[in-house]
Every structure is written in C-alpha cells, then in structure tokens.
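Note sheet for the following structure.
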Amino acid sequence: MIARITSPVNICTLTHLRSLHASPPPPTDKAGFAALLQSASRRAHLKQIHALLLTTGLSHKNSLLTQLLLSLISIPDMAYARRLFDDMHKPRVFLWNTLIRAYARSNLPGDAIALYHDMRRLGVRPDNFTFPFVLKACADLLDVWLGMAVHSLVIKFRLVCDAIVRTELMIMYAKLGACDSAENIFESMSSGSKDLVAWNALISSFTQSGHADKALRLFHRMESAGVKPDSITLVSAISSCAYLGCLEQGRRLHRRIKEEMLGSNVFVENALLDMYAKCGSMEEASKLFREMQQKSVVSWSTMIGGYAVNGDSHRALSLFSRMQDDGVQPNHVTYLAVLSACSHAGLVREGKEYFGRMLDPKVEHYATMVDLLGRSGHLEEAYSFIKSMSIEPDAGVWGALLGACTIHHDLELGQLAADEVLRLAPEIPSYRVLLSNIYAASGRWDDVEKVRENMRGNHVRKAAAYSSVELDGEVYLFREGSHGPWREIYKKLDELTTVLRGMGYEPITGVVLHDVESEEKEAAVRTHSEKLAIAFGLTRMKSAGTPIRIMKNLRVCNDCHTFSKYVSKALGRDIIMRDKNRFHHFKDGECSCRDFW
DNA sequence: GTAGGGTTAG
C-alpha cells in the first residue's frame with residue numbers, strides 16, 4: 001500500500017481517488033509520509049499532507065514537519081512556512097537558520113532580521129550558520145548601524161575567526177559603502193585564511209559598489225601576492241575596466257586570458273564584450289562575439305546595448321532579429337537595449353512596435369518609451385503615455401519626461417514632471433539639476449536660485465563633473481577649471497581655441513547656468529573638463545591614427561560637443577567620448593549621435 | 001540537513 005503511494009503517479013491517483021471517494025487511506029508511518037513529501041511539489045499537495053500529519057500521532061511528527069517546512073520554503077510559500085514554524089514546539093537552531101536564510105534570499109531582509117530578534121528573545125543561541133544570512137540581510141537593508149550591531153554580536157559569540165562569517169562581514173561593509181571597514185577585516189585575516197574566495201569577495205564587492213579603482217588595485221595586489229586569478233576574479237577585474245573605460249588594461253587582460261590560458265567561460269567573455277562596448281570599441285566586441293563558442297542571452301543583450309549606446313542603432317536592431325532567428329529568447333534587459341537603440345536614433349514607430357511585442361513590460365521599459373517619445377519631441381504623447389500606464393510610474397519615468405522637457409524647453413510640463421520626480425526621489429541631485437536647467441534656459445534666474453537654495457537646505461549636492469583619459473594603463477582625471485601641474489595643457493587649449501575660432505567656432509555659453517556676464521560665461525566653458533582632457537590627449541598621444549578616448553561622468557555639454565566636432569575636423573583626429581548616457585564618436589567634424597542626445 | 005566570490009540594465 002505504502003509503496004503504491006510513493007510514486008508521483010500514485011499521488012495523482014490518490015488525489016483523484018479522494019475526489020471520488022470520501023477518505024483514501026493515509027500513510028501510517030514515517031517513511032510513508034517522507035516519501036509523500038518528497039514527491040509533492042504543489043502547494044495544494046503540501047497542505048493536504050499537513051492536514052493528514054496533524055491527525056496522526058506519529059512519534060516522528062517533528063522531523064516530518066521540518067521536511068514539510070523545507071518543502072514550503074522551496075516553493076516558496078513563506079507565509080504558510082511561517083505559520084507552520086510558529087506552531088512548532090521549540091524549533092532547533094537549524095530551523096531558525098533555514099527560515100532566516102529563506103527570508104534573506106526571498107528579498108525580505110526586514111523579515112530575516114525580525115526573525116533573528118525573535119530567536120534571540122527566546123534564548124536560542126545563534127551559530128556560525130546564522131550570521132552569514134543575517135549579515136546579508138543587513139547589507140540588503142543598507143543599514144550600517146544594524147550591520148555594526150550584528151558585527152559586535154559576531155565578536156560576542158566568538159565567531160569572528162570563522163572564514164565564511166568574516167567574508168560575509170567584509171561584503172556587507174563594502175556594500176554599505178564602508179570600504180575602510182571592509183578592508184580592515186580583510187587585512188585582519190592571516191595570509192593563510194586569505195583564500196581566493198576572500199580576495200574575490202572583496203574585489204567583486206568593490207566593483208559592484210562603484211569602487212572600480214579600488215577593485216583593480218586589489219586585483220594587482222592579489223597577483224603580486226602570488227594568488228592566481230580564476231574566472232570569477234577576471235570577471236570583476238574586466239568589469240572594473242569597463243566601468244573606468246580602461247581599454248588598454250582590458251585588452252591586456254584579454255591577451256593574458258588567451259596566452260596564459262587563464263580560466264575563461266561565457267561569464268568572462270560577456271564581461272569582455274561589455275568592456276569593449278563601454279570603451280567605445282564595438283569592432284573588438286564584435287570580433288570576440290563572432291569567435292565565441294557559446295553565446296548566452298546576456299552576450300546578445302550586451303552587444304545590442306553596446307551598438308545602441310555607441311550610436312549604431314541599425315546594427316543593434318538587426319542583431320536583435322538575428323538573435324531571434326537563432327532561437328534565443330530575449331529577456332527584459334534585451335528589450336531595454338532594443339528600446340534604448342530606438343531612443344538614441346529617434347525611431348519612434350519601431351520603438352512602439354517592439355514595446356507592443358512585450359508581454360510583461362516593467363517600469364524601466366515604460367521609462368525608456370517615455371524617453372523615446374519625449375526626446376524625439378512628442379512631449380504630450382509621452383505625458384499621455386504615462387497617464388495610461390497600468391503600473392505606477394516611478395521617478396525614472398517622470399525623470400525621462402523631465403529630461404525631454406529640458407531638451408525641448410517645455411517649462412510647464414517640465415515643472416509638472418519635476419513635482420512628481422521630487423516627490424518620489426527627493427534625494428537624487430540630477431533631477432533637481434535638470435529642473436534648474438529648464439529655468440536657466442528660460443532666463444528665470446530667481447527660480448534657478450530657489451532650486452539651488454533648496455538643494456543646499458536638503459543637503460543634496462550635485463555631482464562634480466570630471467573627465468578621464470587612460471594613458472599607458474594609468475587613468476588621468478580632469479575637473480572643471482582644475483589647475484593641476486599641467487600648464488602645457490592650458491597652453492595647448494588656448495592655441496587650439498584660437499585655431500577653432502578661425503574656423504568659425506564660437507563658444508556656446510547657454511549651458512552656463514550662472515546669471516553672469518558673457519565674458520565670464522566664456523571663461524567658465526573654456527576650462528570644462530572635457531576640453532582639458534582633449535588638450536591632454538593631444539599633447540600626450542601624438543600618433544594621429546589613435547583616437548582620443550574620453551570618459552565623462554555627466555552628460556557632455558553642448559559647447560564641448562561642438563568644440564570636439566571642430567577638433568576632429570581641424571586636426572583630423574578622432575575623438576571617442578563616453579558620457580553618462582551614450583557615446584559620441586567625433587570624426588571629420590561630425591558626431592555619431594548626429595547631435596541628437 | 002544550513003554558510004563565502006561572477007556577466008547585460010537600473
């Protein structure tokens with residue numbers, strides 16, 4: 001009888017029988033229940049088994065309830081799992097850990113912490129398994145005080161020497177932005193316990209939290225210490241190069257992977273594709289893409305997104321159709337890349353068609369559509385599109401409308417979008433800057449001042465603009481008007497400006513938002529970080545065939561854009577500039593964005 | 001019976 005119930009087919013039969021006859025015979029021993037639990041995957045089955053279990057007087061009921069709980073977590077049905085847990089008599093630490101882990105993994109860090117508190121209140125002693133889950137939850141909550149409190153408990157329970165707990169502590173601090181604390185923990189490890197996973201954990205945490213420079217320094221230190229990188233180390237190192245725009249370093253890593261047979265796989269190759277794309281070299285990206293033995297949906301999406309930001313929307317879209325011909329199913333990131341390709345090229349009709357093909361568009365896809373409509377001048381349509389949304393628009397959606405209103409100088413709609421954006425994301429400075437830009441463009445300096453006053457009052461600070469250039473593997477950083485040790489750069493810039501003026505270049509001072517005289521405005525745009533970077537590139541990179549590659553942390557201004565076009569024409573020198581949104585490939589006085597950005 | 005590191009966008 002028991003043997004018959006254990007096969008899945010017979011469970012179906014059991015359920016079927018139940019519907020025909022009132023009460024099928026339930027399993028009578030532990031093995032019977034265990035087998036039933038193992039083969040039941042549906043919530044309804046588990047609930048039936050739970051009900052059956054409650055009616056039996058089995059001595060092993062507790063271990064069966066544990067199994068049932070594990071099954072519920074794997075579905076996952078956290079609410080039901082929690083009810084079951086609360087009904088259990090004195091659950092052991094294993095179960096507490098399992099439930100805390102389940103909350104931490106289900107993106108419910110607050111529930112994980114609350115459960116930890118319940119556990120402590122009932123006097124259950126946490127162990128070395130408990131803290132990795134609790135620390136992950138602290139990191140996800142972005143709560144540094146809580147993280148520090150848990151750290152002190154780790155010390156109290158004498159678990160600070162546990163390698164895994166320590167790695168998790170390190171990751172938590174890095175994610176919380178406390179890089180120094182993360183490094184201190186790393187340094188406190190003996191060289192014996194600094195294993196590859198510990199190195200990788202810190203390097204990848206730095207990469208993912210926007211400290212790519214720290215990640216690369218640590219990567220070099222790891223190699224100096226004689227630890228051989230594996231594919232996971234390489235992914236982080238390559239991603240850091242992508243973030244910083246370090247093409248030379250990225251190429252060097254690629255060469256080493258081939259020559260030294262360092263462990264490569266599709267993750268590493270995807271990171272390389274992205275690095276080439278983010279460094280503005282789609283030629284190298286597509287060469288690698290052709291050579292790749294195995295391509296995942298991420299490989300395709302990276303290439304499509306790469307072509308999109310580099311201004312080659314038509315290649316992006318034809319790659320998208322090739323991908324589908326190859327039978328690769330696009331995911332929501334692929335669609336973001338496709339829509340952004342349409343947006344960068346102003347392909348409104350195509351964008352609408354692709355959007356229409358999506359079964360379950362997310363809020364980011366709506367934001368990209370608003371960007372596409374608004375950027376190409378269909379502001380009212382973009383606004384109606386937002387109003388017709390079936391999901392709640394977020395700050396990104398309204399921000400896209402605000403950005404479009406800034407481009408097309410629509411003060412009224414821009415004001416409306418800004419109100420929504422500031423309500424939803426008061427802490428993001430770039431949106432306030434956009435609003436002040438609209439006011440400035442309309443000459444409303446009092447309103448500009450009000451926005452700035454408000455930013456000061458709320459301690460919201462605009463990110464300082466900078467540009468960077470990589471030379472011989474080193475990154476050189478330039479800030480607006482910075483008078484570093486580079487007198488030659490200013491000299492070069494003056495000479496260049498004179499030549500360009502002779503060709504018809506006039507500084508565009510509309511981008512200067514201060515209400516000042518035009519001479520002062522000219523002085524302000526003269527030393528924008530992009531121009532300093534260009535002058536630096538020209539003085540230090542003599543080979544005319546090599547393009548000057550510049551990374552800008554914010555959007556490039558109209559004047560620097562025009563300036564760069566003139567430079568590319570006057571000197572026959574290509575300039576490749578990555579800004580916050582996209583690439584600008586300047587060649588023979590033209591830009592790949594066709595002045596649409 | 002439970003634990004640490006990786007790719008696209010945001």
Side-chain angles (χ1 to χ4, degrees), chain A residues 63 66-67 69-70 73-74 92-102 104-105 126-136 139 159 162-172 174 185-186 189 193-208 210 215 218-219 222 229-240 242 263-275 277-278 285 292 294-306 308-309 323 330-340 362-365 367-368 394-397 399-400 425 428:
Chain A
S63 78
T66 300
Q67 257 195 58
L69 187 71
L70 295 180
I73 287 172
S74 70
R92 290 150 97 78
V93 66
F94 163 72
L95 268 191
W96 286 96
N97 291 346
T98 307
L99 202 59
I100 293 173
R101 176 185 67 166
R105 285 187 180 169
D127 64 9
N128 54 324
F129 289 97
T130 317
F131 286 106
F133 310 136
V134 173
L135 290 166
K136 183 187 175 326
L159 291 166
D162 183 285
I164 295 173
V165 171
R166 222 157 28 163
T167 307
E168 208 59 71
L169 265 171
M170 205 170 69
I171 295 168
M172 176 193 75
I185 292 169
F186 184 70
M189 294 182 186
S193 63
K194 266 183 201 150
D195 60 7
L196 184 57
V197 177
W199 283 99
N200 284 350
L202 192 56
I203 293 172
S204 69
S205 307
F206 282 156
T207 307
Q208 285 164 25
L218 194 62
F219 169 66
M222 169 179 151
D230 69 357
S231 60
I232 296 181
T233 330
L234 291 169
V235 166
S236 300
I238 296 163
S239 301
S240 299
S264 187
N265 57 24
V266 70
F267 284 80
V268 175
E269 290 181 319
N270 288 343
L272 283 167
L273 289 180
D274 184 50
M275 183 274 295
K278 287 212 170 71
M292 280 168 70
Q294 190 199 344
K295 296 181 181 74
S296 66
V297 62
V298 176
S299 326
W300 290 93
S301 309
T302 305
M303 289 299 289
I304 294 168
V309 290
M323 164 183 176
N331 64 17
H332 72 280
V333 182
T334 323
Y335 272 108
L336 277 179
V338 167
L339 293 176
S340 101
K362 296 181 188 297
V363 73
E364 303 94 300
H365 299 107
T368 315
D394 69 356
V397 174
I428 300 179

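Proteins come first, then strands; the chains are lettered A, B, ... in the order of their sequence lines, and each starts at number 1.
- When each of B/dA3, B/dT8, B/dG1 is scored by its nearest atom to the side-chain atoms of A/Leu70, the top-ranked nucleotide is B/dG1.
- Here the nucleotide nearest the side chain of A/Asn97, chosen from B/dT2, B/dT8, B/dG6, is B/dT2.
- Of the candidates B/dT8, B/dG6, B/dA9, the closest approach to any side-chain atom of A/Asn331 belongs to B/dT8.
- When distances run from any side-chain atom of A/Asp162 to the nucleotides B/dG4, B/dT2, B/dA3, the shortest one goes to B/dA3.
- Within 4.0 Å (heavy atoms only), A/Leu196 reaches at least one base atom of the nucleic acid.
- The closest side-chain donor-acceptor pair between A/Thr130 and A/Asn97 falls under 3.5 angstrom.
- Here B/dT2 is the nucleotide among B/dG10, B/dG4, B/dT2 with the atom lying nearest to any side-chain atom of A/Asp127.
- Side chains of A/Ser301 and A/Thr334: a donor on one and an acceptor on the other come within 3.5 Å.
- Put simply, CG on A/Leu95 is 16 Å from C1' on B/dA3, counting in whole angstrom units.
- Comparing atom distances between the A/Glu168 side chain and each of B/dT2, B/dG6, B/dG4 picks out B/dG4 as nearest.
- Per the stacking criterion (ring centres < 5.5 Å, plane angle < 30°), A/Phe129 stacks onto the base of B/dT2.
- Atom NZ in A/Lys194 sits about 17 Å away from atom C1' in B/dG4, given to the nearest Å.
- Computed from coordinates, the A/Lys278 NZ to B/dA9 C1' distance equals 8 Å when rounded to whole Å.
- Checking B/dA3, B/dG10, B/dT2 against every side-chain atom of A/Ile164, the shortest atom distance belongs to B/dA3.
- Note on A/Thr167: a base of the nucleic acid sits closer than 4.0 angstrom, heavy atoms only.
- Proximity of the aromatic rings of A/Trp199 and A/Phe186 is defined here by a centroid distance below 6.0 angstrom, and this criterion is met.
- Summarising the geometry, the separation between CG on A/Asp274 and C1' on B/dG6 is reported as 13 Å, rounded to the nearest angstrom.
- For B/dA3, one of the phosphate oxygens OP1 or OP2 lies less than 4.0 angstrom from a side-chain nitrogen or oxygen of A/Arg101.
- Among the atoms of the strands shown, only primed sugar atoms or phosphate atoms (P, OP1, OP2) are found under 4.0 Å from some heavy atom of A/Arg105.
- Within the structure, every side-chain polar atom (N or O) of A/Gln67 is placed at least 4.0 Å from both OP1 and OP2 of B/dG1.
- Not a single donor-acceptor contact under 3.5 angstrom links the side-chain atoms of A/Ser236 to the base of B/dG6.
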Inset, instruction - Using the side-chain contact (heavy atoms from CB on, under 4.5 Å) rule, take A/Arg101 and A/Arg105 through it: C-alpha gap first, then chi angles, then the decisive distance, then the call. - result: CA-CA 6 Å; A/Arg101 176 185 67 166; A/Arg105 285 187 180 169; 3.5 Å; yes
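- Distance from the side chain of A/Val235 is smallest for B/dT7 among the nucleotides B/dG4, B/dT2, B/dT7.
- Here A/Ser204 lies in heavy-atom contact (under 4.0 Å) with sugar-phosphate atoms only.
- Between the side chains of A/Ser239 and A/Asp274, no donor-acceptor pair of N or O atoms lies under 3.5 Å.
- Closest contact between the side chain of A/Thr66 and the listed nucleotides B/dG1, B/dT2, B/dT8 involves B/dG1.
- Between the side chain of A/Asn265 and the base of B/dG6, at least one donor-acceptor pair of N or O atoms lies under 3.5 Å.
- Nearest nucleotide to the side chain of A/Val165, out of B/dA3, B/dT8, B/dG1: B/dA3.
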